[in-house]
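Have a look at the structure below, then the notes.
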Amino acid sequence: MYREPLLGGTGENFSFIVSSLTRMNNNVKVLSELVDQIGTRSDTQQLRQRITQNREETIALVRSIRDALQKPYDVRQQKIQHDKLATQFQDLLSVFERISRLSLKKEKEVVVQLEGRRRDSIDGSPVFRQQQAQLPSGMQVLDVESAMIEERNREIKDLERDLAQLAECFSDMAQMVEQQGELINNTESAVVAAEEQVAQGAVELEAAKNYQNSARKKILILIICCLCLIGIGAGIGVWQYFKNK
């Protein structure tokens, strides 16, 4: 049985998604070939077991890939890679759903055929007498056909359940795309706001620097003026001193 591994960082998570998509793609190809054999001479219990096993493993892969795609990632640096993987997953999911619906359609057609044969058996047709003669003593055609119909109906219920799970996965993916779109918009808005704040801060810093330089120049001019006034005052004082002598 397939089990989802424990994942570490984003890089490991993306590697897991890629490998799981490869397995899912292979499973879908094999399933398509198996479903084509439903209702033919190759339609045996072994074939149906292989179909069931393939479908169950693929459903498990679908869940694990969906969960991995919903894990956090670096929106700015890994968005392209994430979107590419999400698109591949949705494409494969669509193909898997289409094949599953084809399988359901064929199973229902087989049940209709089996029920027709059972009615012929009840009516005692020549075909029924021929089939009954070929069976071992004590085995009834009606019993065999009833068992086959019951088995097919169980498989149909399982298929319908799996298709409901696939529909849920489609809904989850649509919701994820919407939520991540909002996250990307919020992140981009935050980045733009941060860049604007940085730019505004740079302008304010430059203004403060210019103001500081201007203040220094004013202080320097004031000091020079004071020194000039002191020099002039001292000169006048010396001149008055020598004049009085």
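Computation of the quantities below employed the complete heavy-atom set of this structure, encompassing side-chain atoms and omitting hydrogens, waters and symmetry-equivalent molecules. In this text, all values refer to a predicted model and were calculated from it rather than measured experimentally.
In this structure, Arg101 pairs ionically with Glu97, as a charged nitrogen and a carboxylate oxygen lie closer than 4.0 Å. Under a 4.0 Å N-O distance rule, the pair Arg23/Glu57 qualifies as a salt bridge. Between Arg152 and Asp43 a salt bridge is recorded (basic side-chain N to carboxylate O distance below 4.0 Å).
Residue pairs meeting the salt bridge (charged side-chain N to carboxylate O under 4.0 Å, His left out) criterion with at least one member in residues 163-177, sequence neighbours excluded, are Arg66-Asp172.
When the side chains of ILVMFWY residues are joined at heavy-atom separations under 4.5 Å, either directly or via intervening members, Val30 and Val28 end up in a single hydrophobic cluster. A continuous path of hydrophobic side-chain contacts links Phe14 to Val18 [ILVMFWY only; heavy atoms under 4.5 Å].
The shortest side-chain heavy-atom distance between Glu56 and Asp158 does not fall under the 4.5 Å cut-off. Within the 4.5 Å cutoff, no side-chain heavy atoms of Asp91 are placed close to those of Gln88. In this structure the side chain of Asp67 never reaches within 4.5 angstrom of the side chain of Lys71, judged on heavy atoms. For the pair Leu93 and Met24, the minimum side-chain heavy-atom distance is below 4.5 Å. Using a 4.5 Å cut-off on side-chain heavy atoms (C-beta onward), Lys29 and Asn25 make contact. Under the 4.5 Å side-chain criterion, counting only non-hydrogen atoms from C-beta, Thr58 is in contact with Asn54. Within the 4.5 Å cutoff, no side-chain heavy atoms of Asp162 are placed close to those of Ser100.
Lys105 pairs by the side-chain hydrogen bond (donor to acceptor under 3.5 Å, both in side chains) definition with Glu109, not counting sequence neighbours.
Between the CE atom in Met148 and the CG atom in Leu114 there is a gap of 4.5 Å [rounded to 0.5 Å]. The distance from the CG atom of Leu47 to the CD1 atom of Ile51 is 4.0 Å, given to the nearest 0.5 Å.
At least one donor-acceptor pair closer than 3.5 Å links the side chain of Thr87 to the backbone N or O of Asp83.
Within a 6.0 Å sphere centred on CZ of Arg50, heavy atoms belonging to other residues, nucleotides or ligands number 12 at most.
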